[in-house]
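Below, chains carry the letters A, B, ... as their sequence lines are ordered, and counting in each starts from 1. Since the model is a prediction, treat every value here as computed from it, not as a measurement.
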2 protein chains.
Amino acid sequence: MTDVTDPDRARLYEELALESRRYLAAYVLFNQAVADHLGLHPTDVQCLSLLTAEPAPLTVRQIADRTGLTTGSATRLVDRLERGGYVTRTPDRQDRRRVLVTPVPERLARVTALWDDLGQTWQTLLDDHSEDELRAITRHLRRAHDLGHTQVQRLRAMPRPD
Amino acid sequence: MTDVTDPDRARLYEELALESRRYLAAYVLFNQAVADHLGLHPTDVQCLSLLTAEPAPLTVRQIADRTGLTTGSATRLVDRLERGGYVTRTPDRQDRRRVLVTPVPERLARVTALWDDLGQTWQTLLDDHSEDELRAITRHLRRAHDLGHTQVQRLRAMPRPD
DNA sequence: CCAAACTCACTGCGCGACGCAGTAACTTGC
DNA sequence: GCAAGTTACTGCGTCGCGCAGTGAGTTTGG
């Protein structure tokens with residue numbers, strides 16, 4: 001079993017925590033750089049990432065939830081993307097209150113091309129990991145994602161300290 | 001050696017890429033939630049994270065570089081943090097143009113307490129990873145961070161497509 | 001030495017993303 | 001079939017941010 005009091009292990013935890021912070025800080029800068037390069041805002045890039053990752057088109061509310069924006073701001077966000085030609089609005093036939101936001105592939109080609117280019121280099125990082133290591137990394141990311149989700153819930157439920 | 005054409009391996013790459021995107025998306029929401037909870041902005045929280053991670057106080061320019069802001073915006077950022085009592089400005093004796101930004105530990109106590117609380121739960125994720133796995137994860141994060149850094153340089157050097 | 005060139009932090013100014021509150025269209029539940 | 005809830009949208013005000021310029025301070029070259 002894992003001994004939590006093991007000093008070597010504690011050191012590994014600390015290193016991993018530090019690298020995580022650096023990694024996340026680098027991601028923020030990276031996302032900003034991608035947005036600047038495309039003449040968009042980081043939020044817009046984030047939204048396009050969400051839309052392309054999902055198989056089905058999202059509603060405005062779903063976009064709002066997944067970006068942390070209000071529905072009002074999400075409307076403006078979709079306005080910008082629509083004006084830029086990145087997405088189209090389609091009314092939902094099932095629920096006529098809803099609006100489906102569909103990405104426009106040909107307009108997104110340049111964006112995805114950039115992602116693919118950057119992602120290709122990124123994949124070379126993985127080449128000298130064993131399959132077990134890759135599984136371990138993936139598992140950690142998934143569980144960290146899930147935890148982050150529940151932590152957000154907790155934070156929103158906690159009373160504001162002021 | 002690793003066979004890059006291995007379909008199993010390609011599948012692992014794809015999974016890892018997807019989990020990374022989800023993980024990073026969750027982080028953005030998490031950081032936002034922390035900021036909301038403290039009555040600060042995500043950028044401010046990011047800056048406090050930078051300051052506490054560093055052993056020595058940073059200058060305004062260093063903060064600007066590490067957050068991706070201009071020096072002007074960094075000045076306003078430090079203004080907000082100083083007004084909130086999170087940091088103090090100290091003139092640099094070596095170079096009298098520079099201003100050193102020092103975090104105020106007692107004011108940051110609440111922030112770090114929140115981080116520690118959330119980090120404690122986070123550490124339990126690591127408890128059922130072997131030491132080798134932890135090293136693999138840490139290594140991947142570090143290399144991804146380094147790559148992100150060089151990619152930002154590349155992006156800034158690339159001409160804007162428009 | 002001293003003047004030009006550079007760097008640092010800071011300051012108006014304008015833009016625009018965002019939250020808030022209210023509205024209309026539509027759906028669901030009692 | 002009416003009330004309550006949901007969805008997307010719209011003024012309005014706030015404020016973080018980039019841009020361009022300023023002065024203090026430092027470095028460099030003749």
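Heavy-atom distances to DNA chain C give each of B/Val99 and A/Ala74 a nearest nucleotide, and the one nearer the 5′ end belongs to B/Val99. Position along DNA chain C of the nearest nucleotide to A/Arg93 versus A/Arg76 favours A/Arg76 as the more 5'-ward residue.
Nearest to the side chain of A/Thr43, among C/dA9, D/dG16, C/dC18, sits C/dC18. When distances run from any side-chain atom of B/Arg96 to the nucleotides C/dA17, D/dT26, C/dA9, the shortest one goes to D/dT26. Checked against D/dG18, C/dC18, C/dC10, the side chain of B/Leu69 finds its nearest nucleotide in D/dG18. In this structure, of C/dA9, D/dC15, D/dC9, it is C/dA9 that holds the atom nearest to the side chain of B/Thr59. Looking at the side chain of B/His41, the nearest of the listed nucleotides D/dG16, C/dC18, D/dT26 is D/dG16.
Atom CG in A/Asp95 sits about 15 Å away from atom C1' in C/dA24, given to the nearest Å. Atom CG in B/Asp79 sits roughly 7 Å away from atom P in C/dT11 (whole-Å rounding). Rounded to whole Å, atom P of C/dT7 lies 16 Å from atom CD of B/Gln62. Computed from coordinates, the B/Glu82 CD to C/dA9 P distance equals 14 Å when rounded to whole Å. If you measure from atom CD1 of B/Ile63 to atom P of D/dC17, you get 13 Å, rounded to the nearest angstrom. Protein atom CD of A/Gln94 is 13 Å distant from nucleotide atom C1' of C/dT27, rounded to whole Å. Between B/Arg80 atom CZ and D/dC15 atom C1' there is a gap of 9 Å when expressed in whole angstrom units. In this structure, CG of B/Leu40 is placed 10 Å from P of D/dG16, rounded to the nearest angstrom.
Using a 4.0 Å cut-off, no side-chain N or O of B/Arg98 falls inside it from OP1 or OP2 of C/dT7. For B/Arg89, a side-chain nitrogen or oxygen approaches OP1 or OP2 of C/dC10 to under 4.0 Å. Between B/Thr70 and the phosphate of D/dG18, there is a side-chain N or O to OP1/OP2 separation shorter than 4.0 Å. Between B/Thr75 and C/dC10 there is a side-chain N or O to OP1 or OP2 distance below 4.0 Å. Contact check, B/Arg61 against C/dC8: a side-chain N or O comes under 4.0 Å of OP1 or OP2. For B/Ser73, a side-chain nitrogen or oxygen approaches OP1 or OP2 of D/dG18 to under 4.0 Å. The phosphate of C/dG16 (OP1 or OP2) has no side-chain N or O of A/Arg83 nearer than 4.0 angstrom.
In this structure a side-chain-to-backbone donor-acceptor pair under 3.5 Å is present from B/Thr67 to B/Ile63.
Stacking of A/Arg21 on the aromatic ring of B/Trp115 is recorded, both the 6.0 Å distance cut-off and the 45° axial limit being met.
Using cut-offs of 30° and 60° for the angle between ring planes, the A/His140 and B/Tyr23 rings count as tilted. Taking the six-membered ring where the residue is Trp, A/His145 and A/His149 present parallel rings, their angle staying beneath 30° rather than reaching 60°.
Looking only at atom types and distance, the side chain of A/Thr70 has a donor-acceptor partner in the side chain of A/Ser73 under 3.5 Å away.
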Can you check side chain to side chain donor-acceptor pair (under 3.5 Å) on B/Tyr13 and A/Asp127, steps first, answer last?
-> CA-CA 9 Å; B/Tyr13 282 17; A/Asp127 284 343; 2.4 Å; yes
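Between the side chain of A/Arg97 and the base of C/dT27 there is no donor-acceptor pair of N/O atoms closer than 3.5 Å.
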